[in-house]
Amino acid sequence: MGAVPVLTVAASVLGATEAEAATANINPSAPKQTIRGFGGMAHALWIGDLTAAQRTTAFGNGDGQLGFSVLRIPVNENQSDWSRDLATAKRAVELGATVFASPWNPPASMTETFTRGSQTNAKRLKASSYAAYAQHLNDFNTYMRNNGVNLYGISVQNEPDYATDWTWWTSAEIVKFLKENAGVIGTRVIAPESFQYVKSMSDPILNDAAALANVDIIGAHLYGTSYSNFPYPLFKQKGAGKELWMTEVYYPNSSDSGDLWPQALDVGEHIHHAMVDAEFQTYVWWTIRRSYGPMREDGQISKRGAIMAQFARFVRPGYTRIDATANPATNVFVSAYRGGNTVVIVAVNKNTSAVTQQFTLAGTSASGPVQYWLTDGTRNVAQQSALTMSNGSLSVSLPARSAVTLVANVGTTSSPSPSVPISASASASASASASASLSPTPSGTGGGSGPRVTYTMSTWNNGFTAAITITNTGTAAINGWTLAFTLPSGQTVTSAWNATISPSSGAVSATNVGYNGTIPAGGSVDLGFQATHTGNTGKPSAFTLNGIPCTVA
């Protein structure tokens with residue numbers, strides 16, 4: 001890192017100078033949206049490809065890594081350029097990320113120029129080329145699939161309403177294309193990716209049943225969008241079964257260094273509002289490696305990147321945002337998420353002094369250690385000494401100008417159902433952790449009877465997801481764990497969450513990641529994976545935890 005500005009008030013200020021915030025109430029049983037992940041754009045033709053090491057930094061989930069679980073790539077207009085982003089996309093998939101794509105222009109043969117205001121050479125898709133363009137998008141999807149990357153979705157057009165340098169679309173043209181042509185595209189369709197979340201671009205889609213039937217994700221960019229315009233009531237009214245993604249932004253600007261502090265905290269506030277006010281399911285940066293971005297040109301994460309990692313490394317795909325007091329104090333921003341029995345709290349304190357923050361989790365009397373990571377003026381996603389939760393309550397000193405992530409196990413509170421229902425066939429590729437560098441050394445199974453495992457499958461024609469809960473039935477904590485089992489023939493793991501799974505088929509081992517290595521006595525941990533199958537949807541017949549046979553519930 002370069003020189004860091006000296007803070008006016010030290011991050012360790014306590015006592016009489018420390019502000020007291022109202023209690024932040026968190027309800028693990030009050031679900032909001034399902035989170036697909038956090039990530040960024042890679043565009044090899046314009047910016048140069050990421051190196052092998054940079055790909056691991058971007059999509060790995062250990063110390064010094066961003067923990068990104070979403071990658072956006074371009075649909076280049078020329079097929080000869082399609083291979084440029086393939087290596088990064090394949091590595092992202094290997095590390096468990098979801099990949100989607102956006103076009104800037106159709107092939108030149110499909111476009112024409114017209115006059116738009118003062119622009120005499122504006123570009124648009126020919127009316128006669130709509131079907132050919134849909135095939136072009138489908139061909140890109142097929143190319144990526146044939147080369148090992150199953151796109152989660154593909155967009156109709158990047159920023160159709162800010163297209164001086166690329167292809168313009170009106171909202172009516174997008175509706176027409178969705179209704180008449182998008183049905184042939186063999187993956188989820190994204191539209192309209194307005195540059196400023198201009199609702200007049202997406203309202204017509206939501207108000208047209210035929211167009212809405214052929215779109216899967218409403219995509220938006222947030223360049224200059226005020227927080228007051230983040231909520232989208234019409235989507236909440238008519239978007240049932242659809243997803244809402246923030247597919248591109250840099251914030252607060254592209255002129256300052258990504259290491260400028262405390263300005264980087266603005267990114268934390270921006271993500272907070274995107275998750276809480278807008279209820280987006282993704283947050284995607286333009287672009288991954290840039291002087292103002294999450295990764296510096298030397299491949300190290302920036303301060304902006306560290307703030308993103310406070311979310312990305314711990315709020316994993318498939319987690320659900322849950323209800324929480326969003327602003328318990330001036331300049332304090334709190335959001336909370338749940339994955340199984342794991343609750344993640346992210347708190348951003350933009351004040352120049354520390355704030356004592358009380359967190360109370362409804363519906364649980366859970367007690368035990370709470371893992372704690374911190375980014376401030378001198379530290380980047382640094383693990384701190386564990387805190388202690390007592391009867392669902394926790395008091396934390398939020399250092400001055402900092403972002404804090406807390407990870408707790410809440411035991412047996414009722415599991416929420418996300419407010420945006422998603423079918424099994426549309427499940428996002430959840431992210432496997434690339435590193436378990438923070439994982440403790442396994443210390444046995446805690447004494448008493450053997451651990452208990454529950455294994456629940458959700459299947460479809462050629463794939464499935466498996467949700468696993470490990471319960472420590474012993475009298476002492478388990479510090480570090482590896483769950484071993486054998487997958488039935490024909491089943492192959494494609495991605496995982498809350499564990500690293502290796503190999504992908506046959507006799508596999510699921511090992512804890514940095515934030516969930518301890519299972520307290522009587523406590524449990526949740527993990528899972530997505531896989532393909534060739535017709536056999538059977539379950540593993542036996543499990544061992546750290547070599548000890550488990551009972552199967």
Side-chain angles (χ1 to χ4, degrees), residues 33-34 36 70 72 75 98-103 106 110 124-142 144-145 150-161 167-194 197-221 231-247 278-282 417-429 458 460-463:
Q33 76 272 29
T34 298
R36 287 304 184 203
V70 177
R72 182 183 185 224
V75 182
T98 295
V99 181
F100 73 101
S102 299
M110 300 181 191
R124 67 187 174 198
L125 182 67
K126 294 177 183 176
S128 59
S129 295
Y130 276 41
Y133 181 56
Q135 187 59 51
H136 170 75
L137 297 180
N138 196 51
D139 286 347
F140 181 82
N141 178 59
T142 301
M144 296 302 292
R145 184 177 64 246
N150 290 321
L151 291 179
Y152 189 83
I154 196 166
S155 173
V156 173
Q157 172 67 45
N158 170 76
E159 296 181 348
D161 52 342
T167 302
W168 293 96
W169 291 66
T170 66
S171 59
E173 288 167 343
I174 291 176
V175 166
K176 175 180 171 63
F177 179 83
L178 291 173
K179 290 168 64 172
E180 299 178 3
N181 306 101
V184 306
I185 299 172
T187 188
R188 298 168 188 82
V189 175
I190 305 168
E193 289 201 281
S194 164
Y197 205 8
V198 176
K199 305 301 195 300
S200 60
M201 291 298 294
S202 48
D203 283 355
I205 299 172
L206 293 168
N207 285 322
D208 189 301
L212 188 60
N214 280 341
V215 71
D216 302 278
I217 300 167
I218 299 297
H221 299 178
Y232 199 0
L234 186 64
F235 178 83
K236 292 180 75 69
Q237 176 188 349
K238 296 192 173 184
K242 309 300 178 180
E243 300 188 46
L244 186 63
W245 286 26
M246 199 292 292
T247 55
E279 299 190 70
F280 285 119
Q281 296 173 262
T282 67
S417 298
S419 59
V420 182
I422 298 174
S423 65
S425 61
S427 295
S429 298
S458 177
W460 60 96
N461 57 345
N462 61 354

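All residue numbers in this chain count up from 1 along the given sequence. If you're wondering where the values come from, they're calculated on a predicted model, not measured in any experiment.
Every residue two or more places apart in sequence or in another chain that forms a side-chain hydrogen bond (donor to acceptor under 3.5 Å, both in side chains) with T167 is listed here: N105. In terms of the side-chain hydrogen bond (donor to acceptor under 3.5 Å, both in side chains) criterion, N214 has no residue partners (sequence neighbours excluded). Annotation: side chain to side chain contact (heavy atoms under 4.5 Å, CB included) contacts of P204 (sequence neighbours excluded): S171, V175. When the side-chain hydrogen bond (donor to acceptor under 3.5 Å, both in side chains) test is applied to K126, no partner is found at least two apart in sequence or on another chain. Listed by chain and residue number, S202, D203 satisfy the side-chain hydrogen bond (donor to acceptor under 3.5 Å, both in side chains) test with Y232 (two or more places apart in sequence, or in another chain).
Nearest heavy atom pair, residue G219 against residue T247, reads CA-CG2, 4.3 Å. The two atoms that bring K238 and L206 nearest to each other are CD-O, 3.4 Å, heavy atoms only. Nearest heavy-atom pair across A101 and V75 is CB-CG2, 3.6 Å. The minimum heavy-atom distance linking V215 with A191 is given by the pair CG2-N, 3.9 Å. Looking at every heavy atom in both residues, E243 comes nearest to Q281 through CA-OE1, 3.1 Å. The two residues R36 and T282 make their nearest non-hydrogen contact at CB-CG2, 3.4 Å.
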Evaluate the criterion side-chain hydrogen bond (donor to acceptor under 3.5 Å, both in side chains) for residue pair S102 and R72; output intermediate values, then yes/no. CA-CA 7 Å; S102 299; R72 182 183 185 224; 3.0 Å; yes

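Under 4.0 Å is where a charged nitrogen must lie from a carboxylate oxygen, and between E173 and R124 no such pair does.
Under the 4.5 Å side-chain criterion, counting only non-hydrogen atoms from C-beta, P192 is in contact with I218. Residues H136 and D139 form no side-chain contact, since every pair of their non-hydrogen atoms from C-beta on lies 4.5 Å or further apart. The closest side-chain heavy-atom distance from M201 to P160 is below 4.5 Å. Using a 4.5 Å cut-off on side-chain heavy atoms (C-beta onward), F140 and L151 make contact. Between L137 and V189, every side-chain heavy-atom pair lies at or beyond the 4.5 Å cut-off. Two residues are said to be in side-chain contact when any heavy atoms from C-beta on lie closer than 4.5 Å; I217 and Y152 meet this criterion. Using a 4.5 Å heavy-atom cutoff, the side chains of K242 and L212 are in contact.
Aromatic ring orientation, F280 versus Y197: tilted (interplanar angle from 30° to 60°).
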List the atom pairs, with distances to 0.1 Å, where a side-chain N or O of residues 177-186 and a protein N or O form a donor-acceptor pair under 3.5 Å, not counting sequence neighbours.
from	atom 1	to	atom 2	distance (Å)
K179	NZ	D208	OD2	3.4
E180	OE1	K176	NZ	2.9
E180	OE2	K176	NZ	3.3

